[in-house]
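Take a look at the structure below.
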Amino acid sequence: MPEYLLYYKPAGELTTRSDPEGRRTIFDSVPEPKAGRWINVGRLDASTSGLLLLTTDGELAHRLMHPSYEVPRTYSVRILGRLTDEHFEQLRAGVELDDGPARVSDIRAGGASGANAWYELTLGEGRNREVRRLFDVLGFQVTRLIRIRYGPLRLSKLRRGASRALDRGEVAAVYSCVGLSPPGKRK
């Protein structure tokens with residue numbers, strides 16, 4: 001049977017199997033699966049923290065990452081400065097990046113403190129450094145980035161660097177969001 005692990009990646013860890021420079025990777029922090037090997041669903045750059053799903057089911061991982069399934073990813077992002085109504089509209093309408101247009105499906109303001117402001121935004125795909133590049137095009141520096149949701153999974157009460165197995169309901173929800181039945185229920 002496949003295995004599933006929710007992991008709260010701290011900033012500074014790499015989302016890779018090994019690093020030639022000897023830096024810490026997510027695989028140094030998570031327990032080994034009982035059989036097979038973990039496939040990380042998506043990546044987070046070294047300075048980004050947050051939710052990572054690991055599974056031993058290759059088909060599930062492929063579907064969760066493939067842009068055609070448009071699995072939503074939600075981020076909490078802190079920027080230096082404040083967005084205007086025009087910026088909100090630009091992000092919803094689409095911003096041209098070097099690898100094509102990108103847009104957010106949802107964005108809302110969070111709290112603000114001093115020169116920084118927090119926003120929560122949702123994307124339907126997960127291109128390399130997409131959130132940071134979106135804000136860069138608008139002239140804002142991202143000072144903190146946390147993925148708080150991937151499809152039906154939420155980061156919730158997990159502490160940084162901790163992991164836990166998915167419960168039965170979460171497994172069913174993850175398979176359902178990409179049009180699959182969980183193992184054991186397939187025809």
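On a predicted model such as this, the values are computed, not experimentally measured, just so you know.
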As a quick check of understanding, evaluate side chain to side chain contact (heavy atoms under 4.5 Å, CB included) for L80 and F140, giving each step before the final call. CA-CA 6 Å; L80 194 55; F140 293 95; over 6 Å; no
Is any side-chain heavy atom of L121 less than 4.5 Å from a side-chain heavy atom of L91? no
Of all heavy-atom pairs linking T56 and P2, the shortest is OG1-CA, 3.2 Å
Backbone N/O of V71 and side chain of R73: donor-acceptor pair under 3.5 Å: yes
Joint cluster assignment, L155 & Y119, ILVMFWY side-chain distance < 4.5 Å: no
I146 vs Y8 side-chain heavy atoms within contact, under 4.5 Å: yes
Step by step, work out the salt bridge (charged side-chain N to carboxylate O under 4.0 Å, His left out) result for D136 and R129. CA-CA 10 Å; D136 188 51; R129 299 180 62 84; over 6 Å; no
Count the heavy atoms of every other residue, nucleotide or ligand shown that sit under 6.0 Å from CZ of R160, and state whether that count exceeds 12. no
Within a strict 4.5 Å, meaning less than it, do heavy atoms of the S163 and P31 side chains meet? yes
Heavy atoms only: give me the nearest T16-T25 pair and the separation to one decimal. O-CB, 3.2 Å
Verdict with reasoning, L53 to L5, per side chain to side chain contact (heavy atoms under 4.5 Å, CB included): CA-CA 6 Å; L53 172 64; L5 194 69; 5.9 Å; no
If you measure only the distance, is there a donor-acceptor pair under 3.5 Å linking the side chains of N116 and S113? no
What heavy-atom pair brings S156 and R164 nearest, and what distance separates the two atoms? OG-NH2, 4.5 Å
Shortest non-hydrogen separation from R144 to W118 and the atoms involved: CG-CH2, 3.7 Å
Classify the side-chain pair Y175/D57 by whether it contains a donor and acceptor separated by less than 3.5 Å. yes
Given side chain to side chain contact (heavy atoms under 4.5 Å, CB included), test D98 with R133 step by step and report yes or no. CA-CA 9 Å; D98 58 358; R133 294 186 299 140; 2.6 Å; yes
Checking T74 against T122 for the side chain to side chain donor-acceptor pair (under 3.5 Å) test, could you report, in this order, the C-alpha distance in whole Å, the side-chain angles of both residues, the deciding distance, and whether it holds? CA-CA 4 Å; T74 302; T122 301; 2.9 Å; yes
For E96, I'd like to know if atom CD has over 12 heavy atoms of other residues, nucleotides or ligands within 6.0 Å. yes
Decide salt bridge (charged side-chain N to carboxylate O under 4.0 Å, His left out) for R108 and D106; before the verdict, give the C-alpha distance in whole Å, the side-chain angles of both, and the deciding distance to 0.1 Å. CA-CA 7 Å; R108 57 184 79 124; D106 187 38; 2.6 Å; yes
So, applying side chain to side chain contact (heavy atoms under 4.5 Å, CB included) with Y4, which one of V174, V41, L54, L60 is it? L60
Is D19 paired with R24 through a side-chain N to carboxylate O contact shorter than 4.0 Å? no
Can you tell me if D99 has over 12 outside heavy atoms packed within less than 6.0 Å of its CG? yes
If you group Ile, Leu, Val, Met, Phe, Trp and Tyr by side-chain heavy-atom gaps below 4.5 Å, do V104 and I148 land in one group? no
Quick one: CG on L64 to CG on L180, what's the gap to the nearest 0.5 Å? 8.5 Å
Between R63 and V178, is there a donor-acceptor pair closer than 3.5 Å when you use the side chain of the first and the backbone of the second? yes
Full working for side chain to side chain donor-acceptor pair (under 3.5 Å) between D45 and S47: CA-CA 6 Å; D45 64 38; S47 57; 3.2 Å; yes
If you group Ile, Leu, Val, Met, Phe, Trp and Tyr by side-chain heavy-atom gaps below 4.5 Å, do L158 and L52 land in one group? no
Check A102 against R127 and note the closest heavy-atom contact, atom names and distance. CB-NH2, 3.0 Å
About how many Å separate CD1 of I79 and CG of L134, when rounded to the nearest 0.5 Å? 11.5 Å
Is there a path of hydrophobic side-chain contacts, each under 4.5 Å between heavy atoms, that joins L51 and L44? no
Any side-chain to backbone donor/acceptor pair from R92 onto I107? Under 3.5 Å, distance only. yes
Just so I know, are the side chains of L123 and E130 near enough to count as touching, which here means a heavy-atom distance under 4.5 Å? yes
Ignoring hydrogens, what is the shortest heavy-atom contact between G58 and I39? Give both atom names and the distance. CA-CD1, 3.5 Å
Count I, L, V, M, F, W, Y as connected when their side-chain heavy atoms are under 4.5 Å apart, and connections chain through other members. Are V171 and M65 then in the same cluster? yes
Within the distance-only criterion (no hydrogens, no angle test), does the side chain of R149 pair as donor or acceptor with the backbone N or O of G151 below 3.5 angstrom? yes
Chi angles and distances behind the side chain to side chain donor-acceptor pair (under 3.5 Å) call for E13, Y7: CA-CA 12 Å; E13 274 187 0; Y7 177 58; 2.6 Å; yes
E3 side chain near P33 side chain, heavy-atom distance below 4.5 Å: yes
Taking atom types as modelled, find out whether R132 and T48 have a side-chain donor-acceptor pair closer than 3.5 angstrom. yes
Report yes if the side chains of H87 and R82 come closer than 4.5 Å at any heavy-atom pair, otherwise no. no
